[in-house]
Each structure stands twice: as C-alpha cells, then as structure tokens.
Amino acid sequence: MSKNYYITTPIYYPSAKPHMGHAYSSIVADFFARFKRIDGYNVFYLTGTDEHGLKIQKAAEGKNQDPLDFCNEISKTFKDLSETLNLSNTDFIRTTEKRHHKSVQNLWNILEKKGEIYLSKYSGWYSISDEAFYLEDDIEEKNGSKVAKLSGSSVEWIEEESYFFKLSKWEDKLLELYENNKKFILPKSRKNEVVSFVKSGLKDLSVSRKSFSWGIKVPTNNDHVIYVWLDALTNYMSALNYPDTKNSLYKNFWPADLHLIGKDILRFHAVYWPAFLLAADLPLPKRIYGHGWILSGDEKMSKSKGNILDPLEIINEYGLDPLRYYLLKEVSFGNDGNISKDKLISCINSDLANNFGNLCQRVLTFTEKNLSLTVPNKVNFLDDDLNILNNFSNNYDKLMDYIDNQNINSYMNFIVDQMFLANKYFNDQEPWKKKNDFKRLNTIIYTSLELIRKIAILLYPVIPYSSLKVLNIFNINEKKIKVDTIKNNQYLENGMKINKINILFNKVE
RNA sequence: GGCGGGGUAGCUCAGUUGGUUAGAGCGCGGGACUCAUAAGCCCGAGGUCAGUGGUUCGAUCCCACUUCCCGCUACCA
C-alpha cells in the first residue's frame, strides 16, 4: 500500500498583504511536506486564500472595486509568496473558485437535509464600529445610550434571520474525541484551552448572514450567505474534489493528516470543523496543530511600533534559506517566537556559514587538493569513523518520531549536533597530517563526505535550495533524495567524480 | 473573576517519571592547531533552576501559599 500524507496551511485572508505569520505557517508546512516526500510518501500539500466575508466586501468597496477583482489582486500576492518561499505545495485553492462553491454547497445541503441546520433568529447588542455582538453584561448605559464597556462604542439591538448549526448537540462527542485521541490537538497546552471551552458549554452556531452578500449563497435560500468559517474550512476537502468522494484525490488524502494553523484560529479548527464533519458523517482530520506567533523583539508586530519585518524584505536582504532555517530552528515550535535582524544574522553566521558552510568548504577543498575531487577508494572504517557515522542509523527511529509529533526543535537540534560533531571529527582526525597514510586519509575523507551527505539530506526539508546545492556535489538530485539513505554509511560510490561548489552561505558582516 | 500554561546562565531556550559537580547555542575570557568563509577544535568564567513553607534520607523537578508574565473565557477572522 502506498503511503499518503495530506497537510494543509490555513487559507489566508487577503484583506491585506502577506506578513511574517503567513510565511511562517507556510514554511513549517513545507518542512513537513518535504520531509514526508523524501520519506517515500505521496504528499498533498495545500495552501490558498479565504476570500469571502464582510471585511473583504468592505475593503473592495473602499477601493471602489468589484470584490472578485480585489481578491484576484491580493490572492496573487499570496500565490507569489508561495513561489518566493519555495513552497512545494501541490495546489493553491481560492474560496472564490467554482470547485469550492460546489463543495461548500454540497456540505450545506447534507447538513440541512440531516436536520443539523435550522432557520431561526439571531439577536443581540451589536456594535457596527467593532463589528461585534456583545452580551448584556458587556454593555452599559452612558448618556442615555447603550455602549460597549470595552470599546465604549455605541451598540444597537439587532435581530436578524439566520440559519443555525446544532453545535450544542456535539459537545459530548467532541469531548470524547479529545479524550480518546490525545494528540488530536497539539500542543497540549492549546488542547486544554479547547477542552475547557467545550466543557463550558456550546451554543448553536449561526452559520449564515443576511447583512452582506459577498460569499457563497445558501443553496435553498439565496437571501443568505454561508458563514465564512463553514465556507473556509471546507476548502480542505474542495481541493480533493469533494463532493466526488470516489475520485482518487479524495480517496487517497482525506482525512487530512495535519491541519497546521496559528493559535488564533484554533477554535474553528478544533471545535467547529470536527463538529461539521461529525454532523455530515465525514471522516475527521487526524491532527490540528496550533503554532505560535512570530514576534518582533518581544512585541507583536504592528505598524505603529514600526517593528514590522516583511518576509519579502528579509528574503531580499538575507536570502530565503536563512529565513527558513531561522524560523524552524530558533522558534520553539508551538510557542511564540522572536525574530530580529540581529538574531537572524547571528544565526546565519554561526550555524550556516561558520558551521555547516565551512564544513563543506574545508572538506571539499581538501578532497580537491588530495584526491582531485573523487570519492576515495579503499575505505577502512575505524571506531572513530563508525561512532559518528552511526549516529544517523542509531537515531533514525527517533527522528521519524520527532516528525510525527511535530517536534521540529528536536529534529533541528539533532542536525546541529551532527554539524558540530562533523567539524570536530575533521579536526580531531587531522587529515592534513596523514598524507603519508593514504588508507587512513582516504577513510577520513570518505567519512567526512558521508557526513556532509547525511546532514544535507536532513536539511533538505529545512533549506531546500542550499541542501540541493550540497547534494549536487554527489550528483544527488531532488528526486533521488531518500531519507533512509542516511542509515547507509557507504552510499557514496568509490572513485566517483564529485563536483565542487562555491561558498554555500556568505557571512553577514 | 474562572480555567490553563509559564518564570532555569548576559541573551534564546532544552531538561529533570525526585538522587552524586543543572545543560546547549549565541555572547565573553584564555589556549593549542592550520584543511577551511581569521572558519573549526580545546579549556574557562557565569545560575541560591521566581520567593516562602511543606512532604521526603534527599526537590530545580511533588504539594500549598505568594508574586510576576502569558493564553482561553464563542459568532471580526
């Protein structure tokens, strides 16, 4: 049986240009997608844009534009970002596409037919400027009019006809799901939040709006537009040609293995989405991972603070792979992380240039001078060689486990440890003093080349461009990369001609 | 307010199912080497593991309290 893996990013809301948070989600997802591919999986990696809703409609009106034209423009910036980030996504879905409309309306019809959706009235105190409803407790009387305590903006009583989804009905089933499937929501701290939220009681969810029109129409009542989250979440199935559940994409890839999302949209994915699917009697995704935010310094990036780090600017200045490497290694995955130029530069110089880049350089130059760029023959491993080479086979299962638990940091730590050890190995073996002992010299070089190969393979999901440059030394192209070859200590063919490379990472002064 | 998470070296973070000298990277000080992007390697300085009390032969790790930080507490997404 072939192994399949389906991973998704959130679909991004294109009310403004992409920022570091979008880049982060996408890069992390790309890391897993690429890893699974070199581990022999068929991978479907989906990203896209979520284009409906009042905000978009208003933003378009503000620019005197048709909403779709407006979305076309901004969606393209997200698509461009995918290219810039070197994402290996299989598809890019937009909720304004026909295939998605069909999919959402189908899901709606099922839910309505099953009696999971009913027509009623939504009412409450609404603040137009806050775009939010408030509870009785959250408003107060001021100068004779009702205002929201938090914002002080005036509220009015609004009643609107709306369809409701019977969310309350699924409370126990959801709790059961979280209980039986301990890793359905990760990290654990976020799971606790969701559980306590559901335990506190679920109310039925309003899933249609009459107050604006930019969205997918309720099939049985065109006065209503389907609630953006019911719309948006369904994208994960639309891309697999749902409602055609017989086609190979759907059959191979649904349910998703991993919905990777930011912590701010956890509830929609961990509560509403499984409830919709349960109600429609469809299989549930296997895992929801809510990652943290990328902060600038210690603060949330914001225009007023002037501390926004635009991913495109960073990439222009320092390159893509350094950014990818930084986000994956330096951010404690699951928690909020920091990025600053100083930290990025320090990371580039010490890890990429001085450590790994220089390792490649010293070994290759040495091979050039002493073996005319060929893989040595007559290799005879001693314990010193095997000790370090075997780290990869000895820790192989652990590495797989890290990936399956989204333990990116342990994975990265392993790589960094091997970089240090490889440099130390080369240092301790002092091949420059072994010019009279060819057998030993050859073995040291062979071992060093193997170490570079193994490290580069593990780095492929992290920094694909740079990894491929390194692997090209050994004529290993992208299609030939298989992660399990890191268990092989003699993958490199004796006598094979190898290719020189330029400086891999330039230091930033 | 309620529920949850957290406060570990100058900085960013690991870790301990309780057990002799608490870890890594970066930064800092010193040393030996020279294949290499003056990179790499070795050695070192630096922590009352937030505070107080308790359980225990023994707590950074368990319990209680105190204090500080953060998240969630539903229909903007």
Side-chain angles (χ1 to χ4, degrees), chain A residues 10-13 15 50 52-56 58 122 124 126-127 129-135 162 164-165 167 187-209 227-230 232 262-268 271-272 290 292-293 298 329-332 334-340 342-343 345-347 349-370 409-410 412-413 416-417 419-435 441 444-445 448 502-507 509:
Chain A
I11 47 173
Y12 304 120
Y13 203 65
S15 55
D50 170 19
H52 292 132
L54 183 60
K55 264 193 190 166
I56 299 277
K58 277 190 172 164
Y122 190 88
Y126 185 76
S127 155
S129 56
D130 297 351
E131 290 181 356
F133 280 95
Y134 290 100
L135 294 173
S162 169
F164 282 81
F165 170 72
L167 183 63
K188 209 176 157 193
S189 56
R190 299 262 148 63
K191 175 206 169 155
N192 294 340
E193 289 175 10
V194 172
V195 170
S196 79
F197 172 76
V198 174
K199 272 190 180 156
S200 74
L202 295 175
K203 289 191 284 183
D204 288 352
L205 183 70
S206 159
V207 286
S208 77
R209 297 292 136 89
Y227 173 53
V228 281
W229 273 107
L230 178 52
K263 61 181 182 180
D264 48 326
I265 54 173
L266 183 60
R267 182 190 309 146
F268 306 97
V271 181
Y272 301 169
W293 288 338
D298 281 323
K329 188 210 162 208
E330 295 293 326
V331 175
S332 170
N335 299 321
D336 290 351
N338 291 301
I339 186 167
S340 66
D342 284 350
K343 285 180 177 175
I345 289 170
S346 151
C347 178
N349 287 345
S350 41
D351 280 20
L352 296 176
N354 292 349
N355 195 334
F356 186 61
N358 187 54
L359 173 72
C360 296
Q361 200 60 28
R362 68 198 298 207
V363 172
L364 262 205
T365 307
F366 200 84
T367 310
E368 182 181 27
K369 286 184 182 161
N370 295 279
N409 300 99
S410 293
M412 293 303 294
N413 287 341
V416 173
D417 284 348
M419 291 176 182
F420 276 104
L421 288 172
N423 266 311
K424 178 174 166 52
Y425 168 85
F426 200 73
N427 235 81
D428 292 351
Q429 296 302 321
E430 301 181 309
W432 50 90
K433 288 186 183 166
K434 302 276 160 52
K435 303 208 173 171
L441 182 74
I444 294 167
I445 294 179
S448 304
N502 295 325
I503 299 284
L504 196 57
F505 299 100
N506 285 308
K507 286 177 76 165
E509 300 304 334

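Labels below follow one simple rule: chain letters A, B, ... track the order of the sequence lines, proteins then strands, and each chain is numbered from 1. None of the values given here were measured: they were computed from a predicted structure.
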Considering only atom P, compute the distance from B/G10 to B/U48 and round it to an integer number of Å. 8 Å

How far, in whole Å, is B/U16 from B/A24 if one measures between their C1' atoms? 15 Å

Over how many whole Å does the gap from A/Met412 atom CE to B/U12 atom C1' extend? 15 Å

For this output row, return yes or no: ring centroids of A/Phe268 and A/Trp229 closer than 6.0 angstrom. yes

The contact string for nucleotides 26-31 of chain B, one letter per nucleotide 5' to 3', using protein heavy atoms under 4.0 Å with B, S and - for base, sugar-phosphate only and none, comes out as S-----

Expressed in angstrom and rounded to an integer, what is the separation of A/Asn427 atom CG from B/A39 atom P? 14 Å

Of A/Ala232 and A/Ser189, the one whose closest RNA chain B nucleotide lies more 5': A/Ser189

What's the CZ-C1' distance between A/Phe426 and B/C33, to the nearest Å? 14 Å

By the 4.0 Å heavy-atom rule, please label A/Asp50 as base, sugar-phosphate, or nothing. sugar-phosphate

Determine the interatomic distance between P on B/A39 and the same-named atom on B/G47; round to the nearest Å. 29 Å

Which part of the nucleic acid, if any, lies within reach of A/Ser206 when heavy atoms closer than 4.0 Å are counted: base, sugar-phosphate only, or nothing? base

Contact between A/Asn349 and A/Phe505 at the side-chain level, heavy atoms closer than 4.5 Å - yes or no? no

Whole-Å C1' distance, B/A45 and B/G30: 10 Å

Mind checking A/Leu359 for me? I need base, sugar-phosphate or nothing, with any heavy atom below 4.0 Å counting as a touch. nothing

Counterpart residues, side chain to side chain donor-acceptor pair (under 3.5 Å), relative to A/Tyr12 (two or more places apart): A/Ser26

Fill in the dot-bracket string of RNA chain B, one character per base: . for unpaired, | for a pair to another strand, ( ) or [ ] for pairs within the strand, taking Watson-Crick or G-U pairs under 3.5 Å. (((((((..((((.....[...)))).((((.........)))).....(((((..]....))))))))))))....

Send over the distance from A/Glu509 CD to B/A39 C1', rounded to a whole Å. 12 Å

Can you figure out which of B/G4, B/C13, B/C75 approaches the side chain of A/Arg209 most closely? B/C75

Reckon A/Ser200 has a side-chain N or O less than 4.0 Å from the OP1 or OP2 of B/G2? no

Please classify the nucleic acid contact of A/Lys199 as base, sugar-phosphate, or nothing, using heavy-atom distances under 4.0 Å. nothing

Tell me every residue that passes salt bridge (charged side-chain N to carboxylate O under 4.0 Å, His left out) with A/Asp351, counting only those two or more places apart in sequence or in another chain. A/Lys329

Mind checking A/Val195 for me? I need base, sugar-phosphate or nothing, with any heavy atom below 4.0 Å counting as a touch. nothing

Considering only the P atoms, how many Å lie between B/C63 and B/A22, rounded to the nearest integer? 23 Å

Sorted by chain and residue number, the side chain to side chain donor-acceptor pair (under 3.5 Å) partners of A/Ser410 (sequence neighbours excluded) come out as A/Asn407

Sugar-phosphate, base or nothing in reach of A/Leu266, heavy atoms under 4.0 Å: nothing

Determine the interatomic distance between P on B/G7 and the same-named atom on B/G46; round to the nearest Å. 24 Å

Can you tell me, in whole Å, how much space there is between the P of B/G27 and that of B/U12? 15 Å

Establish, with yes or no, whether the OP1 or OP2 oxygen of B/U12 is under 4.0 angstrom from a side-chain nitrogen or oxygen of A/Lys329. no

Can you find a donor-acceptor N/O pair under 3.5 angstrom joining the side chain of A/Asn358 to the base of B/A36? yes

Applying side-chain contact (heavy atoms from CB on, under 4.5 Å), can you list everything that pairs with A/Asp336, at least two apart in sequence or on another chain? A/Lys263, A/Trp293, A/Leu295

Nearest of B/C41, B/A39, B/C35 to any side-chain atom of A/Arg362? B/C35

Does A/Val416 or A/Asp264 map to a spot on RNA chain B nearer the 5' end, using the closest nucleotide for each? A/Val416

For B/A14, does OP1 or OP2 lie under 4.0 Å from any side-chain N or O of A/Asn335? yes

For A/Asp417, report the nucleic acid contact type (base, sugar-phosphate, nothing); a contact means any heavy atom under 4.0 Å. nothing

Using a heavy-atom cut-off of 4.0 Å across all strands, would you classify A/Leu205 as base, sugar-phosphate, or nothing? base

A/Lys424 meets the side-chain contact (heavy atoms from CB on, under 4.5 Å) criterion, sequence neighbours left out, with A/Asp428

Below 3.5 Å between N/O atoms, which protein atoms pair up with nucleotides 67-69 of chain B? Just atom names and distances, please.
none

Those residues that, when tested against A/Tyr122, pass ring-ring contact (aromatic ring centres under 6.0 Å, His included) (two or more places apart): A/Phe133

Closest approach of A/Tyr13 to A/His52 (non-hydrogen atoms, all atoms of both residues): OH-O, 2.9 Å

Can you list everything that forms a salt bridge (charged side-chain N to carboxylate O under 4.0 Å, His left out) with A/Lys433? Sequence neighbours excluded, please. A/Glu430

With A/Asn423, which of A/Asn355, A/Asn354, A/Asn358 fulfils side chain to side chain donor-acceptor pair (under 3.5 Å)? A/Asn355

Looking for any heavy atom pair under 4.0 Å, which part of the strands does A/Gly201 touch: base, sugar-phosphate only, or nothing? base

Which atom pair, heavy atoms only, marks the closest approach of A/Val207 to A/Ser162? N-OG, 4.2 Å

So do A/Leu359 and A/Met419 actually touch side chain to side chain, heavy atoms under 4.5 Å? no

Would you mind classifying the nucleic acid contact of A/Lys507 as base, sugar-phosphate or nothing, using non-hydrogen atoms under 4.0 angstrom? base

Would you kindly give the CZ-to-C1' distance between A/Phe268 and B/C75, to the nearest whole Å? 7 Å

Sticking with atom P, work out how far B/G1 lies from B/A9, rounded to a whole angstrom. 28 Å

Qualifying residues under side chain to side chain donor-acceptor pair (under 3.5 Å), relative to A/Ser332, sequence neighbours excluded: A/Asn335

Length of the line joining A/Leu167:CG and B/C75:P, which is rounded to integer Å: 13 Å

Classify the nucleic acid contact of A/Phe366 as base, sugar-phosphate or nothing, counting any heavy atom under 4.0 Å across all strands shown. sugar-phosphate

Quick test of your reading: applying salt bridge (charged side-chain N to carboxylate O under 4.0 Å, His left out), list the pairs with at least one residue in residues 191-201 of chain A, sequence neighbours left out, ordered by first then second residue. none

